[in-house]
Protein chains: 2
Amino acid sequence: METVGFDAKDDTVLEQLEVLVVIFSLRESRLKVLLKAQAGDLWALPGRPVRLSSSLEQAAAEELDCHTGVADAYLEQLYTYGDPERISGRRLISVAYFALIPADAPYTAGEAYGARWFAVDDLPPLAMDHAEIIAYALRRLRYKLEYSAVGFQLLPETFTLSEIQRTYEMILGEKIDKRNFRRRILAAGIIEPTPALRTGEGRPARLYRYRPDAVAEVKARRLFP
Amino acid sequence: METVGFDAKDDTVLEQLEVLVVIFSLRESRLKVLLKAQAGDLWALPGRPVRLSSSLEQAAAEELDCHTGVADAYLEQLYTYGDPERISGRRLISVAYFALIPADAPYTAGEAYGARWFAVDDLPPLAMDHAEIIAYALRRLRYKLEYSAVGFQLLPETFTLSEIQRTYEMILGEKIDKRNFRRRILAAGIIEPTPALRTGEGRPARLYRYRPDAVAEVKARRLFP
DNA sequence: GCAAAAGTGTTACAGTTACACCCATGG
DNA sequence: CCATGGGTGTAACTGTAACACTTTTGC
């Protein structure tokens with residue numbers, strides 16, 4: 001074999017290569033993952049082959065966009081799965097990404113193309129090693145939550161302190177003390193109050209906004225509870 | 001195109017796929033990386049194509065073995081680089097791994113095939129995006145050092161407390177208090193004393209051994225200074 | 001006996017946790 | 001006026017950081 005030339009608009013794909021995307025979102029007060037129906041009652045992570053002309057991350061972003069309509073979500077490479085045993089009769093390299101989309105992204109957007117949201121603790125039977133991939137993505141998400149500001153990527157533009165706290169509790173699966181949580185998250189300086197209040201049952205709550213300029217991941221570990 | 005069948009001993013390779021290995025070791029009291037000479041005064045990370053029949057990690061382990069003679073070193077997948085722009089005229093997906101080999105592995109073993117050790121803070125001109133890959137591997141190594149027992153993979157089977165401390169200082173690039181370091185590392189219970197002493201200049205030092213059974217990465221973060 | 005590295009505790013400080021009541025609104 | 005969720009401070013405790021001298025060996 002020899003080197004393959006290609007031009008910048010080459011639409012052919014590498015046969016043995018795909019990207020997969022583990023798309024997380026908060027839906028109905030639960031952390032959910034978007035899955036596509038497959039033949040044989042199995043579900044699978046959304047994924048696509050990679051064009052010669054596009055980067056891996058672009059391919060993942062396109063797959064994310066076509067399912068959720070969200071183009072600028074948080075997207076991070078997770079791991080590359082490429083063992084010969086993971087699929088019989090064919091070699092397949094899957095570069096897995098994980099994505100976080102805000103809770104206020106249109107619910108039904110994800111349900112085009114036979115896709116559905118499943119709570120991470122209540123998954124259907126999954127194709128290949130996709131269960132393992134989701135488990136790893138979840139571990140990484142929980143882990144990152146503790147030393148970075150990644151949790152805000154799951155929230156709408158503005159949110160109340162209680163909403164952030166519920167988000168953290170939902171992902172980490174444990175209760176957090178309200179006063180300690182507020183003190184810390186405010187001390188970290190990564191959110192700022194807006195003039196607006198959210199009114200609902202009970203006393204109205206101050207709405208806050210995330211400050212992406214704040215250097216969160218740097219230096220300070222375990223920023224949050 | 002269509003699906004490619006293959007059998008378990010298929011030696012053909014995927015043309016656009018390679019593994020790269022960032023091999024770290026402590027040499028002459030510095031943290032060094034193994035690089036191979038390339039045409040045009042450039043140096044590159046050791047790497048190889050992936051056979052259809054072998055896993056990515058196997059391929060990385062083989063590349064590591066053939067350069068260092070170490071078959072059971074610490075090996076971890078780092079990141080997959082696959083943007084079209086990283087090499088002109090050809091699409092190349094590089095799955096990068098990083099490896100740690102003990103300081104007492106034979107020095108010259110790495111120097112077969114025109115390879116040489118370079119201190120991480122004094123690297124030669126590098127091919128493609130390999131400088132970026134090394135920088136990322138180093139960041140990850142430093143990071144992991146703080147919440148896992150990965151540092152022991154760079155040490156011989158037995159070592160003195162001062163040797164571990166110097167290892168940490170070398171990688172993190174900062175001084176650590178001797179008494180605090182010892183107290184913590186002993187409290188963590190991940191090393192145990194051996195009957196042996198190491199004699200040299202000054203008072204002989206107790207030799208310790210790493211206890212791989214100790215659950216290090218679990219639960220406790222920031223185990224070390 | 002002196003140079004060189006090993007070994008050893010205590011105190012001050014900072015950060016974390018635990019904890020309970022009043023406030024503002026809608027119905 | 002009451003049910004609902006929002007908002008607030010302090011004290012005990014735990015972990016971390018700073019710090020200097022004695023011990024054992026080889027030369």
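In what follows, chains carry the letters A, B, and so on, assigned in the order in which the sequence lines appear, proteins first and then strands, with residues in each chain numbered from 1. No hydrogens, no waters, no symmetry mates; every other heavy atom, side chains included, goes into these values.
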Write down the distance between [atom1] ([X]) and [atom2] ([N]), rounded to a whole number of angstrom.
{"X": "B/Lys175", "N": "D/dC19", "atom1": "NZ", "atom2": "C1'", "result": "16 Å"}
{"X": "A/Arg182", "N": "C/dT16", "atom1": "CZ", "atom2": "P", "result": "19 Å"}
{"X": "A/Ile185", "N": "C/dT16", "atom1": "CD1", "atom2": "P", "result": "14 Å"}
{"X": "B/Asn180", "N": "D/dA18", "atom1": "CG", "atom2": "C1'", "result": "7 Å"}
{"X": "B/Glu163", "N": "C/dG7", "atom1": "CD", "atom2": "C1'", "result": "15 Å"}
{"X": "A/Ile176", "N": "C/dT16", "atom1": "CD1", "atom2": "P", "result": "14 Å"}
{"X": "B/Phe181", "N": "C/dG9", "atom1": "CZ", "atom2": "P", "result": "18 Å"}
{"X": "B/Leu186", "N": "C/dG7", "atom1": "CG", "atom2": "P", "result": "10 Å"}

Which donor-acceptor pairs under 3.5 Å do side chains of residues 57-66 of chain A form with protein atoms, sequence neighbours excluded?
residue, atom, partner, partner atom, Å
A/Gln58, OE1, A/Ser55, N, 3.2
A/Glu62, OE1, A/Arg48, NH1, 3.1
A/Glu62, OE1, A/Arg51, NH1, 3.4
A/Glu63, OE1, A/Arg48, NE, 2.8
A/Glu63, OE1, A/Arg48, NH2, 3.4
A/Glu63, OE2, A/Gly47, N, 3.1
A/Glu63, OE2, A/His67, NE2, 3.0

Would you indicate, yes or no, if [N] has its OP1 or OP2 atom less than 4.0 angstrom from a side-chain nitrogen or oxygen of [X]?
{"X": "B/Ser162", "N": "C/dA5", "result": "no"}
{"X": "B/Arg184", "N": "D/dG15", "result": "no"}
{"X": "A/Arg206", "N": "D/dG6", "result": "no"}
{"X": "A/Arg179", "N": "C/dC19", "result": "no"}

Mind checking ring-ring contact (aromatic ring centres under 6.0 Å, His included) for [X] and listing every partner two or more places apart, or none if nothing turns up?
{"X": "B/Phe118", "result": "B/Trp43"}
{"X": "A/Phe24", "result": "none"}
{"X": "A/Tyr81", "result": "A/Tyr79"}

Tabulated below should be each protein N or O lying under 3.5 Å from an N or O of nucleotides 21-23 of chain D; please produce it.
residue, atom, partner, partner atom, Å
D/dT23, O2, B/Arg203, NH1, 3.0

> What do the steps show when you test A/Asp122 against A/Arg30 for salt bridge (Lys or Arg N to Asp or Glu O under 4.0 Å), and what is the final call?
Replying inline: CA-CA 10 Å; A/Asp122 191 20; A/Arg30 301 182 76 177; 5.1 Å; no
>> Suppose we screen for salt bridge (Lys or Arg N to Asp or Glu O under 4.0 Å). Which residues come up paired with A/Arg182, at least two apart in sequence or across chains?
In response: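 Partners of A/Arg182 under the salt bridge (Lys or Arg N to Asp or Glu O under 4.0 Å) test: none.
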>> Under 6.0 Å between ring centres: does that hold for A/Tyr168 and A/Phe181?
In response: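 They qualify: ring centres under 6.0 Å apart.
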> Which residue lies toward the 5' end of DNA chain C, A/Leu197 or A/Asp177, if each is placed at its nearest nucleotide?
Replying inline: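 On the 5' side of the pair lies A/Asp177.
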>> With hydrogens left out and only the distance checked, is there a donor-acceptor pair under 3.5 Å joining A/Arg183's side chain and the base of D/dT10?
In response: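 Flag set: donor-acceptor pair detected.
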